[in-house]
Amino acid sequence: RKYINLDNDRVNYTNESFKSTLQDLISTLKTQDTLFDKLFERPYFGGSYYDDLKVGKPDEFDLDLVLVLPKVCETHKIKNCGCVTVTPSNKPGFFWFKVKQGFCAEMDKFIKDRYIQTDLILNWLKSKVTGALDKLKSLDSSITYSPPYYSESGPALTLQVNSSFGEIYVDIVPAFKFGSERWPNAGYRSNKTTRPEFFLVPKKPKGMLHGE
């Protein structure tokens, strides 16, 4: 703290700017898309800034948009009907996330051969965030954004927000939340964390071709 602490004024300003922008963005997303409104639970902040490891400038944020599946299946009208399964894949650290057609009709567009498709989820988020930002820009001319784009290194949609202190970069990632009861038992190490939940993030293993 004595030698590499972040500037307090800049930290306070960045926090307020980021939270204000995030609140407006999420509100607009929920208004414009019924599926996002149905699935979205909360934002989850991570990365070096929130782990108190960030040095230099408070200008980079990692943000998970936490999504939760409906509790009741639309086909069977009951909970835990078996239409949703989460199992370890043949790639270490990756899971197969399967949802049957009809479990949530609005999610059918993301399903191919029962699997939730990474590309379809990310393209959906990209289109919705872009539309929400266009609306925000039209309502407040003092807010400017660079065009959002996908990070080449992973599933993040990187957003640049311009402020009086300079640019703020936000990596936005969709993350499906599951309770610890869905953590696989056989063939997978136990969940060592104390959290009663874990997140699945749509990301392709290295070496996997587009469309696989």
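By convention here, the first residue in the shown sequence is residue 1.
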Does Val129 belong to the same Ile/Leu/Val/Met/Phe/Trp/Tyr cluster as Trp124, with side-chain heavy atoms less than 4.5 Å apart forming each link?
yes
Find out whether Pro202 and Leu120 are in side-chain contact, i.e. whether some heavy atom of one side chain is under 4.5 Å from a heavy atom of the other.
no
Would you say the side-chain atoms of Asp33 pair up with the backbone N or O of Leu35, donor to acceptor, closer than 3.5 Å?
yes
Indicate yes or no: at least one non-hydrogen side-chain atom of Leu63 is less than 4.5 angstrom from one of Asp171.
no
Just wondering, do Val84 and Phe178 contact through their side chains at under 4.5 Å, heavy atoms?
yes
Could you grab the distance from atom CG of Leu65 to atom CD1 of Ile26, nearest 0.5 Å is fine?
6.0 Å
For the residue pair Thr118 and Lys203, what are the closest heavy atoms and their distance?
CG2-N, 3.9 Å
Just wondering, do Val72 and Ile78 contact through their side chains at under 4.5 Å, heavy atoms?
no
Do Tyr44 and Leu67 share a hydrophobic cluster, counting only Ile, Leu, Val, Met, Phe, Trp and Tyr and linking them when any side-chain heavy atoms are less than 4.5 Å apart?
no
Option passing side chain to side chain contact (heavy atoms under 4.5 Å, CB included) with Glu197 (candidates Arg182, Glu181, Lys177):
Lys177
By side chain to side chain contact (heavy atoms under 4.5 Å, CB included), which residues pair with Ala132, not counting sequence neighbours?
Leu25, Thr28, Leu29, Gln32
Report yes if the side chains of Val68 and Phe40 come closer than 4.5 Å at any heavy-atom pair, otherwise no.
no
Hey, quick one: are Val86 and Phe176 part of the same hydrophobic cluster, counting side-chain heavy atoms closer than 4.5 Å, chains of contacts allowed?
yes
Sub-4.5 Å side-chain heavy-atom contact between Val173 and Asp62
no
Donor-acceptor pair, Ser27 side chain versus Asp24 backbone, under 3.5 Å?
no
If you compare all heavy atoms of Cys83 against all heavy atoms of His76, which two are closest, and at what distance to 0.1 Å?
SG-CE1, 3.4 Å
If you define the side chain from C-beta out and look only at heavy atoms, does anything of Phe110 sit under 4.5 Å from Asn123?
no
A side-chain contact here means heavy atoms from C-beta on lying under 4.5 Å apart; do Ile121 and Ile116 qualify?
yes
For a quick test of your reading: what N or O donor-acceptor pairs under 3.5 Å do the side chains of residues 92-108 make, sequence neighbours left out?
residue : atom : partner : partner atom : Å
Lys98   : NZ   : Tyr115  : OH           : 3.4
Glu106  : OE1  : Lys38   : NZ           : 2.7
Glu106  : OE2  : Thr34   : OG1          : 2.8
Asp108  : OD1  : Gly102  : N            : 3.1

